[in-house]
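Each remark here refers to the structure printed beneath this line.
When a ligand or atom number is given, it counts from 1 through the structure's own listing order. These numbers were taken from a predicted model, which means no experiment stands behind them. Hydrogens, waters and symmetry mates are skipped; everything else that's a heavy atom, side chains included, is used.
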Amino acid sequence: MSKPEIILAIETSCDETAMALVNVQRKVKGVKYKTFEFEILADVVASQIETHRPYGGVVPSLAKREHLQNLPIVYRKILEKFDPPVGGRKFEIDRIAVTIGPGLEPCLWTGLNFAKNLAKKLKIPLIGVSHLEGHMFSNWLPSIPKIRNSKSAIAFAAIALLVSGGHTILALMQSLTKWKVLGETRDDAVGEAFDKVAKMLKLPYPGGPEVEELAQSVKREEQGKINFPQPMIYDKSYDFSFSGLKTSVLYYLRDNPNTPKEDICYSFQKAAVDVLVHKTMKAAKEFKAKSIMLCGGVASNKTLQKKLRAGSRELKAGFFVPNKKFNTDNAVMIAAAAHLGKKYSTKKALPNLSL
Ligand code: KG4
Ligand code: ZN
């Protein structure tokens, strides 16, 4: 068993200022699986949703200003949970991990500069972490915070579908350190499409949960009245495209302005989810996946979860989705990626970093 390490993780890539203090322990169990224990000592997220809501999307200059304001406050909250020591145990931070990309460059820099100053002050090492790896490794986090947990059940090969406001990526994971991107979106991310459709329907930001709620309210006999295109569903590649679907919704609303919002939400969600599920299952079959993992903000979507769970069962593969609170941006997943994933230099922010 290796020495446990305490990581302070910092995440500022988009519109959440997040910090977490995580006690990580890696256990080597047999040859086949390695298991991990992530004990979450503190987890703070300052959300900027209210700031960006009037604009229907994230405004980078406002996000940067909010991060600068929130970082010292969030750090103080972390310290309050950590000092005086929890349950008489004394903790020492072993290293700091900070998201270096991808994300909004001015936002990434706020976290990076804060982390650099703190590492210097505390005289501890600092490493850079990929936000996308954070989402990928969120499936290894405990489902009940503060309770030690080890998930050894994710067997490889695994197919991971990362769906968020900024990304739509299908990846093949052959081990914890070896993966390959099979496909990604050629235009809008699926979460972005949910947000844009919500905006067209004058629903509040972020639109994903709102669209899902209205879609779920449509009775069975009322479903399927509108058929939106399912972009690239029969395309040979594992790439996605959601901008055409979004435009179809726009034109449909222009031509049929009195359509109930629920019907639009149902049919849009169906088109988007069916493409995601079709390509994920196709990849799972091709690569004989033993596990299928979902992550990112859109992973909270119940219809998407249900369809992927059913597909996994058919293939006798395990299905994994993180606890809801780890789907949206947070720093606990950054600590997990700091321990399990690639270590990046913190010389500069990498706004376009890919998986
Ligand atoms: O991962 P995340 O917090 O931020 C990014 O890194 O982008 O994802 C946020 C995205 C938003 O687009 C939001 O509308 C979407 O996730 N989302 C959902 C649901 N909950 C959040 N989309 C569909 N259904 C949901 N239930
Ligand atoms: Zn994210």
Looking only at distance, does [X] have an N or O less than 3.5 Å from an N or O of ligand 1?
X	result
T328	no
F194	no
P206	no
E16	no

Evaluate the side chain to side chain contact (heavy atoms under 4.5 Å, CB included) criterion for residues Y75 and L8: first the C-alpha distance (whole Å), next the side-chain angles of each, then the deciding distance (0.1 Å), finally the verdict. CA-CA 10 Å; Y75 181 57; L8 173 70; 4.0 Å; yes

Under a heavy-atom criterion of less than 4.0 Å, does [X] contact ligand 1?
X	result
H167	no
G166	yes
N327	yes

Do you know which N/O/S atom name in D329 is closest to the Zn ion (ligand 2)? OD1

What's the shortest distance from [atom] to any protein heavy atom, and which residue and atom give it?
atom	result
atom 1 (O) of ligand 1	G297 N, 3.1 Å
atom 2 (P) of ligand 1	D329 OD1, 3.7 Å
atom 24 (N) of ligand 1	N301 ND2, 3.0 Å
atom 26 (N) of ligand 1	E212 OE1, 2.7 Å
atom 7 (O) of ligand 1	G165 N, 2.8 Å
atom 22 (N) of ligand 1	G208 CA, 3.3 Å
atom 15 (C) of ligand 1	V298 CG2, 3.8 Å

Heavy-atom contacts with [X] under 4.0 Å: which atoms of ligand 1 show up? List them by number with element.
X	value
G191	12 (O)
D195	11 (C), 12 (O), 13 (C), 14 (O)
H131	6 (O)
H135	1 (O), 6 (O)

Just wondering, is there an N, O or S atom on H131 that's nearer than 2.8 Å to the Zn ion (ligand 2)? yes

Distance check below 2.8 Å: does H167 bring an N, O or S atom to the Zn ion (ligand 2)? no

Measure the shortest side-chain to side-chain distance between F319 and R309 over non-hydrogen atoms and say whether it is less than 4.5 angstrom. yes

From CA spacing to verdict: side chain to side chain contact (heavy atoms under 4.5 Å, CB included), E11, E16: CA-CA 7 Å; E11 154 65 42; E16 327 277 357; 5.6 Å; no

Do D15 and Q48 have side-chain atoms, one donor and one acceptor, less than 3.5 Å apart?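 The answer is no; no qualifying pair exists.
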
Say whether, by atom type as modelled, one donor and one acceptor occur between the side chain of K116 and the main chain of T346 under 3.5 angstrom. yes

Would the distance check show the side chain of H67 and the main-chain N or O of C14 forming a donor-acceptor pair, the cut-off being under 3.5 Å? yes

Criterion side chain to side chain contact (heavy atoms under 4.5 Å, CB included) against C265, the qualifying member of V197, V218, L214: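 That would be L214; it is the only one of V197, V218, L214 passing the side chain to side chain contact (heavy atoms under 4.5 Å, CB included) with C265.
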
Shortest heavy-atom approach to atom 19 (C) of ligand 1 - which of G134, A215, P209: P209

How are the rings of H131 and H135 set to each other: parallel, tilted or perpendicular (split at 30° and 60°)? perpendicular

In Å, rounded to the nearest 0.5 Å, how long is the span from [atom1] of [X] to [atom2] of [Y]?
X	Y	atom1	atom2	answer
D195	K246	CG	NZ	11.5 Å
L182	E286	CG	CD	7.5 Å
R76	N70	CZ	CG	11.0 Å
D187	S241	CG	OG	3.5 Å

Are W179 and F287 close enough, and set up right, to give a ring-ring contact (aromatic ring centres under 6.0 Å, His included), and what steps lead you there? CA-CA 12 Å; W179 61 64; F287 297 100; over 10 Å; no

